[in-house]
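Note that ligands are numbered from 1 as they come in the structure, with each ligand's atoms numbered from 1 the same way.
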Amino acid sequence: MTDTFKPPLADIDAAFGVVGIYEVLGLHAFAGLDRDSVDDVLATFAVFVGQEIAPLNRSGDREGSVLTASGVVRTPAGFKEAYRRYVGAGWPAAAVASIAGGGGLPKLVATAMEELLTGANLAFSLCPMLTHGAVELLTRWGSASQKAHYLPRLVTGEWTGTMCLTEPDAGSDVGAIHTSAVQRDGCWHVTGTKIFITWGDHDLADNIVHLVLARTPGAPVGTKGLSLFLVPARHGGHDGPLGPRNAVRVVSLEQKLGIHASPTCVLSFEDAEAELVGDVHQGMAAMFTMMNSARLAVGVEGLGLAERAFQSAAAYAIEREQGTRPGRERPHPVAIIEHPDVRRMLLRMRARIDASRLLIYRTAAALDVADHGTAAEDRNGAAALAALLVPLAKAWPTNVVNEVTSNAIQVFGGAGFIEDSGIAQLYRDARITSIYEGTNGIQAIDLVFRKLDLSPEGALHRLLNEVTEAAASLLERDDGPMLSKVLCASVDVLVDATRTLVRARQTDCDWALAVATPFLEAAAVVIGGGLLARQLIADGSAGDDSDVHRRRREAAAVFHLSHLVPEAMTTLATLDAVARSVRMFDTSRS
Ligand SMILES: Cc1cc2nc3c(=O)[nH]c(=O)nc-3n(C[C@H](O)[C@H](O)[C@H](O)COP(=O)(O)OP(=O)(O)OC[C@H]3O[C@@H](n4cnc5c(N)ncnc54)[C@H](O)[C@@H]3O)c2cc1C
């Protein structure tokens, strides 16, 4: 029994309803697109990833990408052909905004497609994910000639993109970047070493467009002195054939815990010819377009993998027989799913996944309104909401996936620890998601120091109003009064904790820094609780008891609201204990 993955179209459909798919489809930009056509796109894409991409997940992990003697990267068997079919079918372009020359699907729908792709094969999905981020960046910041030369090929996936920030001494602290850029004879040249560059070299596409943060001569220290450069791996290719390679060398390929098929490169830029993107010293602002896109996408990676881990564990639990139930005679072993403790693990996984999906899709729907809302007020409100949600939607689902894949191994027992089960790969692959694209610790600091604002017109206020409204709607259920009371109380506790944090940002910075991560975790559970409450009500009125997905969602939502939300309230009520213990903790060498 190895891991299994069925595109979770029924759960995606339910989540769409909760986060406002009709509001999104009602935006002028998506005129002509209706619910049926969205369902058709997803169903067709699901078949494509199931047939072409998912089968390469295990073999890609075993074989891995390798650096050949000639200094170029070779991907695992089947990847090149699968990528060619992916591009040939027009999938990369489908999700790109029409202003950039793509199919113009809403971000919400594109996010569901990303979920399917990452669930099928995380390592493969990273290449299109970064290319998509490069498209968003160039659409906003590229010059007319950059848009004309690079965008069309990136949009189709004919060429791919990378994001080059990290250096040996510049990880979380991007401002420490040393890579330099100088201008000679009207052309920029970039020199420096970038590490950990995902899909930094490969054989899937003819050309790779590196987006590189670098420092120009005399630039201010820190992030304010960074500029962004476009460095093509190969010259030319605009009007005629591709020319020779640019001076970008793959020094080595990292040997990693997971995502073996995704080549993680050390790249040396050796006076490589480059083009400035945007203005000098505007690099961080431009790169943030790509980073925000990638942060949400990494949250989606957590979701896709967690869904796959749940499905595999649930399927295994139905097949695997072990032990008996109280009152039953030997020799009649039962399927392990009959053991309440196994069902509890699956339920906890399900609740975490459902809340993650809603949080991510809510963010994507807000981004659609931010980009395409008719009134400026709507666009600005949605943009503020999305900015608040992005660190939550990146960090929480990627913490969740670490817990979920670990629990999936637990459900498999010893078999889960053995590579043949496939679950071990999901656990290994998941581990990176809470680290890259800004570690989850950095996301929590971003949330607490840049995004928290309790003003009545602020995004947090609006979000918490949504939670309170959802709590009120629960009253129509038999168990509603209890669930509603818990959810309302959690909003009060979250508001109190936010007030304390906002004060501490000014008066006791270390206090705020010490509790940022538990605050983010608990806030995600409360906000996720509001979204699950809405899903519970919507599922209740749909009322089809024969639908296993609906019944699972109902149990998961009740578990989340009645058990996980109170857990989060305890966390919020004891933040001071966290900060005081962190202060007490002796960090001198023992
Ligand atoms: C497989 C893989 C793929 C990657 N792909 C890319 C890529 O395509 N492009 C790219 O540019 N980079 C990429 N990265 C780099 C990745 O984004 C960094 O590893 C990540 O940002 C963390 O940086 P670091 O590894 O230097 O850790 P450090 O910055 O050294 O952090 C170590 C620990 O300290 C904590 N920490 C650091 N500073 C602070 C602070 N100020 N406050 C609180 N805590 C802090 C961190 O949260 C973390 O827990 C990739 C990395 C890996 C492993």
- request: Determine, stepwise, if the pair S434 / R431 fulfils side chain to side chain donor-acceptor pair (under 3.5 Å).
  value: CA-CA 7 Å; S434 56; R431 194 62 193 85; 2.9 Å; yes

Short N or O distance, L165 and ligand 1, threshold 3.5 Å exclusive: yes

query: Do you know which two heavy atoms are closest between Q443 and G438, and how far apart they sit?
result: NE2-O, 3.1 Å

query: Considering only protein heavy atoms, which is closest to atom 24 (P) of ligand 1, and at what distance to one decimal place?
result: G171 CA, 4.0 Å

- prompt: Has ligand 1 got any nitrogen or oxygen that is less than 3.5 angstrom from a nitrogen or oxygen of M163?
  reply: yes

Under 4.0 Å to a heavy atom of I435 - the qualifying atoms of ligand 1, by number: 20 (C)

message: Using modelled atom types and a 3.5 Å cut-off, is there a donor and acceptor pairing between side-chain atoms of T500 and backbone atoms of D496?
response: yes

field: Nearest-neighbour protein heavy atom for atom 22 (C) of ligand 1, which is reported as residue plus atom name and distance
entry: T439 CG2, 3.8 Å

message: Protein heavy atoms near atom 35 (C) of ligand 1, is at least one of them under 4.0 angstrom away?
response: no

- prompt: Taking non-hydrogen atoms only, is E254 closer than 4.0 angstrom to ligand 1 via side chain, backbone, both or neither?
  reply: neither

field: Contact atoms of ligand 1, heavy-atom distance to E437 under 4.0 Å
entry: 17 (O)

query: Within a distance of under 4.0 Å, is there any protein heavy atom near atom 26 (O) of ligand 1?
result: yes

- prompt: N/O of T264 under 3.5 Å from N/O of ligand 1, yes or no?
  reply: no

- request: First locate atom CZ of R308, then atom CD of Q311, and finally report the distance between them rounded to the nearest 0.5 Å.
  value: 9.0 Å

query: How many angstroms lie between atom CD1 of I353 and atom CZ of F310, to the nearest 0.5 angstrom?
result: 6.5 Å

- prompt: Checking S421 side chain against F417 main chain: does a donor-acceptor pair fall under 3.5 Å?
  reply: no

query: So, for atom 20 (C) of ligand 1, does the protein have a heavy atom nearer than 4.0 Å?
result: yes

With a cut-off of 3.5 Å and sequence neighbours excluded, list every side-chain donor-acceptor pair involving residues 217-238.
unit_1, atom_1, unit_2, atom_2, d
S227, OG, H281, N, 2.8
R234, NE, G243, O, 3.2
R234, NH2, G243, O, 3.3

message: I need the atoms of ligand 1 closer than 4.0 Å to a non-hydrogen atom of I445, numbered in the order shown.
response: 42 (N), 43 (C)

- request: Before signing off on this row, confirm whether F196 and ligand 1 have an N or O atom pair separated by under 3.5 Å.
  value: yes

task: May I ask you to check if ligand 1 and T198 share an N or O to N or O distance below 3.5 Å?
output: yes

message: Using 0.5 Å steps for rounding, measure from the CD atom of E63 to the CZ atom of R58.
response: 13.0 Å

Option set I442, T166, I177, criterion heavy-atom distance to atom 15 (C) of ligand 1, minimum: T166

query: Are there protein heavy-atom neighbours of atom 30 (O) of ligand 1 below 4.0 Å?
result: no

message: Please compare A516, S172, S434 and report which has the shortest non-hydrogen distance to atom 23 (O) of ligand 1.
response: S172

- prompt: Do R153 side-chain atoms and E158 backbone N/O form a donor-acceptor pair below 3.5 Å?
  reply: no

- prompt: Is there at least one protein heavy-atom neighbour under 4.0 Å from atom 46 (C) of ligand 1?
  reply: yes

- prompt: Just wondering, are more than 12 heavy atoms of other shown residues or ligands nearer than 6.0 Å to CZ in R74?
  reply: no

message: Take a 6.0 Å sphere around OH of Y427 and say whether it holds more than 12 heavy atoms from other residues, nucleotides or ligands.
response: no

message: For the residue pair E167 / T179, report whether a side-chain donor-acceptor contact shorter than 3.5 Å exists.
response: yes

field: Heavy atoms of other groups near Q282 CD, more than 12 under 6.0 Å
entry: yes

field: Interfacing atoms of ligand 1 (cut-off 4.0 Å, heavy-atom, I432)
entry: 1 (C), 2 (C), 52 (C), 53 (C)

message: Show me which atoms of ligand 1 lie under 4.0 Å from any heavy atom of K256.
response: 1 (C)

- request: Check D173 against ligand 1 and report side chain, backbone, both or neither, counting heavy atoms closer than 4.0 Å.
  value: neither

